[in-house]
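Below is one structure, written out as structure tokens, with a few remarks after it.
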Amino acid sequence: MKALKIGMALGLMGLYFGLSSCSDKDNLVPAENTTHLAKGADVSWMTEMEAAGVQFFNAGGTAVDGLKLLHGLGMDAVRLRVWVDPERGWCNQNDVLVKARRAHHLGMRLMVDFHYSDSWADPGQQTKPAAWKGLSFDGLKKAVSDHTTAVLQLLKDNGIEPEWVQVGNETGDGMLWEEGRASVSMANYAALNNAGYDAVKAVFPAAKVIVHLHNGYDNALFRWMFDGLKNNGGKWDVIGMSLYPSKDNWKERNTACISNIKDMIARYNAQVMICEVGMSWDEADTAEIWLNDLFSAAEAIPEQKVLGIFYWEPLAYNGWNGYTLGALDNNGRPTKALNPFK
């Protein structure tokens, strides 16, 4: 099975580069980034969508490579999630390499997002990989370190260097439950976090390690978590946030998020990354206004302490996997939601 997954990933890689070598003349040239902020997207579903026959289209209705589409619309960075041993192979280390090489080929910056799970890790689930379930706590720390090292070394061996690495995804109550549940043992969570942090630095000393929480507007959550990590020797370089407002509350959520960002900078002298944003695809007019406001407010924070903003899976459309917060319309064309990235 493992050999099959590797073969699948390498096959996709070969297909892409075989095609791209004849179509580089069709590359879309992105608008110049006039801000210090990274303008990015999580595109982790991309290879799975392509394998299912999903196509992406420019505003004129011409089919284009999805990553080149986003690059041409001004995005200069990608975020890729990593699962340990996913059932169908998507988002394992070999699939991540395929997408990372494509981004690297376009000169895009890279964020790697470790979930430390075989599937989704988020505020409602931080399930240990099946292969890790019988491990002692020391064994879990070693597994985190070994997995982090293996994925990053694979990228390094292929000449790809991530600028940012998330150690866990939306870890508002820790990761690798139950042992790493922060509300039960912040010390355990800090130790698991540090195992990942140290592994990142061993492979890529210059990479900035992100601890990423949900609900970027919730200052109490962020103070609880980062006070807890600090008091238990936890390590991080960047505080990561998610922000998913609605058309009705985006103004108050932006205000609260920016206030929280300023507090995190003052309280911990940390940099901040907005790792995930999204709004319903059919509210694109509002999404454009919301993101323009968010970009302006983030850019205005002194000393370039906010590093960037990443749209979560903007290429998802027409109900892909039941997700409705992408930034393409039901015909696979970009909506106004992507204009702020130009």
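- Trp290 and Leu243 make their closest contact through CZ2-O, 3.9 Å (heavy atoms, listed as atom of the first residue, atom of the second, distance).
- A 4.5 Å side-chain heavy-atom check between Met264 and Asn219 finds at least one atom pair inside the cut-off.
- Counting heavy atoms from C-beta on, the side chains of Trp164 and Ile210 come closer than 4.5 Å.
- Residues Tyr244 and Trp312 keep their aromatic ring centres 6.0 Å or farther apart.
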Stepwise salt bridge (charged side-chain N to carboxylate O under 4.0 Å, His left out) check, Lys141 with Asp138: CA-CA 5 Å; Lys141 289 190 292 183; Asp138 283 343; 3.4 Å; yes
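- Ion pair Lys39/Asp76 not flagged as a salt bridge, since none of the NZ, NE, NH1 or NH2 atoms sits closer than 4.0 Å to an Asp/Glu carboxylate oxygen.
- Cluster annotation: Leu221 and Trp177 are assigned to distinct hydrophobic clusters (Ile/Leu/Val/Met/Phe/Trp/Tyr, side-chain heavy-atom contacts under 4.5 Å, transitive).
- Surrounding NZ of Lys235 are more than 12 heavy atoms belonging to other residues, nucleotides or ligands, all under 6.0 Å away.
- The side-chain heavy atoms of Phe57 and Leu328, taken from C-beta on, include no pair separated by under 4.5 Å.
- Looking at Asn254 and Lys251, their side chains never bring a donor and an acceptor atom within 3.5 Å of each other.
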The test is side chain to side chain contact (heavy atoms under 4.5 Å, CB included); show your working for Phe222 and Met241 and say whether it passes. CA-CA 9 Å; Phe222 278 72; Met241 302 180 174; 3.6 Å; yes
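- For Lys336 (side chain) and Ala287 (main-chain N/O), no donor-acceptor pair under 3.5 Å exists by modelled atom type.
- Judged by distance alone, with hydrogens and angles left aside, the side-chain atoms of Asn249 form no donor-acceptor pair with the main-chain N or O of Arg253 at under 3.5 Å.
- Hydrophobic clustering (ILVMFWY, side-chain heavy atoms < 4.5 Å, transitive): Met279 and Val277 are in one cluster.
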Could you walk me through whether Val82 and His147 pass side chain to side chain contact (heavy atoms under 4.5 Å, CB included), step by step? CA-CA 10 Å; Val82 188; His147 171 62; 4.0 Å; yes
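- Residue Lys305 places its NZ atom among more than 12 non-hydrogen atoms of other residues, nucleotides or ligands, all under 6.0 Å distant.
- Between the side chain of Gln126 and the main chain of Asn169, a donor-acceptor pair closer than 3.5 Å is present.
- Across Lys247 and Trp250, no two heavy atoms sit closer than the pair O-CD1, 3.4 Å.
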Run the salt bridge (charged side-chain N to carboxylate O under 4.0 Å, His left out) test on Arg81 and Glu313 for me, step by step, so that the C-alpha distance in whole Å, both residues' side-chain angles and the decisive distance to 0.1 Å come before the verdict. CA-CA 11 Å; Arg81 63 178 164 270; Glu313 294 286 7; 3.1 Å; yes
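- Classification of Lys142 and Asp146 as a salt-bridged pair holds, one side-chain N sitting under 4.0 Å from a carboxylate O.
- For Asn215 (side chain) and Tyr217 (main-chain N/O), no donor-acceptor pair under 3.5 Å exists by modelled atom type.
- Residues Asp237 and Tyr197 bring a donor and an acceptor atom of their side chains to less than 3.5 Å of each other.
- Here the closest heavy-atom approach between residue Val43 and residue Lys99 is recorded as O-CD, 3.9 Å.
- Considering only heavy atoms from C-beta on, Asp118 stays 4.5 Å or farther from Thr127 through its side chain.
- The backbone N or O of Ile289 sits nowhere less than 3.5 Å from a side-chain atom of Asp293 that would complete a donor-acceptor pair.
- Across every non-hydrogen atom of Ala298 and Ile258, the tightest pair is N-CD1, 4.0 Å.
- Taking CZ of Phe310 as the start and OG of Ser242 as the end, the distance is 12.0 Å to the nearest 0.5 Å.
- Between the side chain of Asn232 and the backbone N or O of Gly228, at least one donor-acceptor pair lies under 3.5 Å.
- Looking only at side-chain heavy atoms (C-beta outward), Leu106 and Val78 stay at 4.5 Å or farther from each other.
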For the pair Asp248 and Ser246, evaluate side chain to side chain donor-acceptor pair (under 3.5 Å) and give the outcome as yes or no after the intermediate values. CA-CA 5 Å; Asp248 298 319; Ser246 70; 4.7 Å; no
Apply the test side chain to side chain contact (heavy atoms under 4.5 Å, CB included) to residues Val184 and Tyr189: give CA-CA distance (whole Å), side-chain angles for both, the deciding distance (0.1 Å), then the verdict. CA-CA 9 Å; Val184 174; Tyr189 170 50; over 6 Å; no
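- Checked by atom type, the side-chain pair Glu179/Asn188 shows no donor-acceptor distance below 3.5 Å.
- Using a 4.5 Å cut-off on side-chain heavy atoms (C-beta onward), Leu67 and Met108 make contact.
- Here the shortest heavy-atom pairing between Ala100 and Leu80 reads N-CD1, 3.6 Å.
- In this structure, Trp90 and Asp95 have side chains that are in contact, with non-hydrogen atoms separated by less than 4.5 Å.
- Classified by interplanar angle (parallel below 30°, tilted 30° to 60°, perpendicular above 60°), the ring pair Trp120/Trp45 is perpendicular.
- Using a 4.5 Å heavy-atom threshold, the side chains of Phe114 and Val151 count as touching.
- The backbone N or O of Ile160 sits nowhere less than 3.5 Å from a side-chain atom of Asn158 that would complete a donor-acceptor pair.
- By the 6.0 Å contact criterion, CG on Asn321 is enclosed, its count of non-hydrogen atoms from other residues, nucleotides or ligands being greater than 12.
- For Ser259 (side chain) and Thr255 (main-chain N/O), no donor-acceptor pair under 3.5 Å exists by modelled atom type.
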Pair Leu97, Leu155 - check side chain to side chain contact (heavy atoms under 4.5 Å, CB included), show working. CA-CA 6 Å; Leu97 176 60; Leu155 294 175; 4.1 Å; yes
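- Separation of atoms SG (Cys257) and CD1 (Ile274) is listed at 5.0 Å; rounding is to 0.5 Å.
- To the nearest 0.5 Å, the span separating CE on Met111 from CD on Glu163 amounts to 9.0 Å.
- Atoms CD and CG, from Gln55 and Leu69 in turn, are 12.5 Å apart once rounded to the nearest 0.5 Å.
- Once rounded to the nearest 0.5 Å, the distance linking CG of Leu291 with OH of Tyr311 reads 6.5 Å.
- The CG atom of Asp218 lies 11.0 Å from the CH2 atom of Trp224; values are rounded to the nearest 0.5 Å.
- In this structure, Leu213 is a member of the same hydrophobic cluster as Met175, with clusters built from ILVMFWY side-chain heavy atoms closer than 4.5 Å.
- Taken together through direct or relayed side-chain contacts under 4.5 Å among Ile, Leu, Val, Met, Phe, Trp and Tyr, Val238 and Leu37 form parts of separate hydrophobic clusters.
- Looking only at distances, a side-chain donor or acceptor of His36 sits under 3.5 Å from a matching main-chain atom of Val306.
- In plain terms, the two heavy atoms of Phe56 and Leu315 that are nearest each other are CE2-O, 3.5 Å.
- Linking ILVMFWY side-chain heavy atoms closer than 4.5 Å, directly or via other members, places Val167 and Leu176 in a single hydrophobic cluster.
- Within the 3.5 Å criterion, the main-chain N or O of Ala59 finds a donor-acceptor partner in the side chain of Arg333.
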